[in-house]
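Below: the structure, in structure tokens.
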Amino acid sequence: MKAAFIGLGAMGYPLAGHLAKRYETLVWNRTFDKALAHAKAYGSRPADLSELGQADILFTCLPTSLEVDEMAHKLLPYLRPGTLWVDHTSGEPELARKTAQVLQEKGVSYLDACLSGGVAGAVQGRATVMAGGSAEDFARARPVMEVYAAKIVHVGPLGSGHAVKAVNNALLAVNLWALSEGMVALVKQGVDARLALEVINASSGRSNVSENLFGQRVLSRQFTNTFALGLLAKDLGICAKVLEAAGTPAPLLRQMREFFEIAKREVGSTDVDHTAVARLLEQWSGVEIR
């Protein structure tokens, strides 16, 4: 079987590396030097668009669904019937369905298969996949995704993977914002931030944010950028569209989008980690969480 991987970013680079250890893997990146470096590190092979179109299974991991749709149109002349397209982009359900329709006219199947677990999960081969699409396409893709994923779930029809990922990341934003609010209040009153976090992590208020992110990035003041604040703000925008399509009440999640849009403007977008949203609360309160 021949695989192709498009998009060698922070997540795509190690994922394509896992694939290359098991299958013949073609790689493509907008910056060609990165494809060359990947080939040297993992034994993959840089390819042009015509070669990518000959793959049996093709993966994309790009910044937004717009780039995926543009790539689909570029590859359309080279794709052959029977190819399976697996999109790991954190994207938009509606645009994904439009892209899938275009591909279907060429006989190409499509899964929206969003990822969770961060860069560490991708490097360790323990990512989580939430996939939307047909049961048949999911069954075909699953054995290949098992190369780099520890948990793979078929969550529903086309677009469902993107929708679940958007809601998941909105919950990440809620936890991050709420903990930041609470911690600046505690620090303002003289509480030791590290001890407060220790207690929270042994109590009912704990979360992945408190257990893994806050201490390593906020208290340390390092804010290691593995997932940009602007990308989380983008995912909150996608979540807002999911909520609008569902027509369900969601005052908290809708408000969270506004908070992160403010943080993106005030703190930074692409050059800062999402945990740096805590800096906005620090600015507003006049304290630093240490």
Side-chain angles (χ1 to χ4, degrees), residues 3-7 9 11-12 15-16 28 30 49 52-53 55-76 78-79 81-117 122 127-142 144-145 148-149 152-172 227 230-248 253 257:
F5 205 102
I6 299 172
M11 294 287 285
L15 294 179
W28 185 94
R30 185 169 51 189
L49 296 183
L52 293 174
D56 300 295
I57 185 167
L58 189 151
F59 297 86
T60 41
C61 192
L62 300 170
T64 70
S65 288
L66 183 60
E67 283 92 343
V68 177
D69 191 65
E70 290 173 350
M71 183 57 68
H73 282 85
K74 287 179 182 178
L75 282 174
L76 211 55
Y78 309 110
L79 293 170
T83 299
L84 176 59
W85 189 305
V86 180
D87 182 24
H88 285 321
T89 303
S90 294
E92 302 181 34
E94 185 57 34
L95 184 49
R97 284 188 281 266
K98 292 179 179 178
T99 301
Q101 186 174 4
V102 170
L103 293 172
Q104 187 58 51
E105 293 172 1
K106 191 77 174 185
V108 175
S109 300
Y110 177 95
L111 284 176
D112 56 298
C114 292
L115 299 164
S116 188
T128 295
V129 179
M130 54 212 85
S134 74
E136 294 77 15
D137 291 335
F138 176 75
R140 182 179 165 193
R142 180 170 189 145
V144 185
M145 294 189 292
Y148 50 75
I152 306 169
V153 182
H154 183 212
V155 294
L158 200 65
S160 299
H162 288 326
V164 173
K165 178 60 185 294
V167 170
N168 175 78
N169 280 17
L171 298 178
L172 163 65
F227 178 38
L231 289 178
L232 182 52
K234 177 211 75 172
D235 290 344
L236 284 162
I238 296 172
C239 181
K241 292 180 180 179
V242 172
L243 299 171
E244 183 179 353
T248 53
L253 295 183
R257 180 192 181 188

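Computation of the quantities below employed the complete heavy-atom set of this structure, encompassing side-chain atoms and omitting hydrogens, waters and symmetry-equivalent molecules.
- Here the side chain of His73 pairs no donor or acceptor atom with the backbone of Leu75 at under 3.5 angstrom.
- When each of Val108, Leu49, Val102 is tested with Leu76 by the rule side-chain contact (heavy atoms from CB on, under 4.5 Å), just one qualifies, namely Val102.
- Heavy-atom minimum distance, Ala55 versus Ala3: CB-C, 4.1 Å.
- Among all heavy-atom pairs drawn from His88 and Ala113, the shortest one is ND1-O, 2.6 Å.
- Judged by distance alone, the side chain of Ser116 and the main-chain N or O of Lys165 form no donor-acceptor pair under 3.5 Å.
- Taking each heavy atom of Gly91 and Cys114 in turn, the nearest pair found is N-SG, 4.4 Å.
- Between Gly82 and Arg140 the shortest heavy-atom distance is O-NH2, 2.7 Å.
- Here Lys106 pairs with nothing under the salt bridge (charged side-chain N to carboxylate O under 4.0 Å, His left out) rule; sequence neighbours left out.
- In this structure, CG in Leu84 is found 10.0 Å from CG in Asp56, a value given to the nearest 0.5 Å.
- The distance from atom OG of Ser109 to atom CG of Leu58, rounded to the nearest 0.5 Å, is 12.5 Å.
- Judged by distance alone, the side chain of Lys234 and the main-chain N or O of Ser90 form a donor-acceptor pair under 3.5 Å.
- Taking all atoms of both residues into account, the shortest heavy-atom contact from Val155 to Gly161 is CG2-N, 3.8 Å.
- Between the side chain of Asp112 and the backbone N or O of Gly159 there is at least one donor-acceptor pair closer than 3.5 Å.
- In this structure, Lys241 pairs ionically with Glu92, as a charged nitrogen and a carboxylate oxygen lie closer than 4.0 Å.
- Shown here for Ala149 and Val129, the closest heavy-atom pair between the two residues is CB-CG2, 3.7 Å.
- Within 6.0 Å of the CD atom in Gln104, the count of heavy atoms belonging to other residues, nucleotides or ligands exceeds 12.
- For the atom pair CG (Asn168) and CG (Leu115), the distance works out to 11.5 Å, reported to the nearest 0.5 Å.
- Distance check, rounded to the nearest 0.5 Å: CG of Leu103 to OG1 of Thr83 gives 9.5 Å.
- With sequence neighbours excluded, the residues forming a side chain to side chain contact (heavy atoms under 4.5 Å, CB included) with Asp87 are Thr60, Val68, Trp85, Thr89, Tyr110, His162, listed by chain and number.
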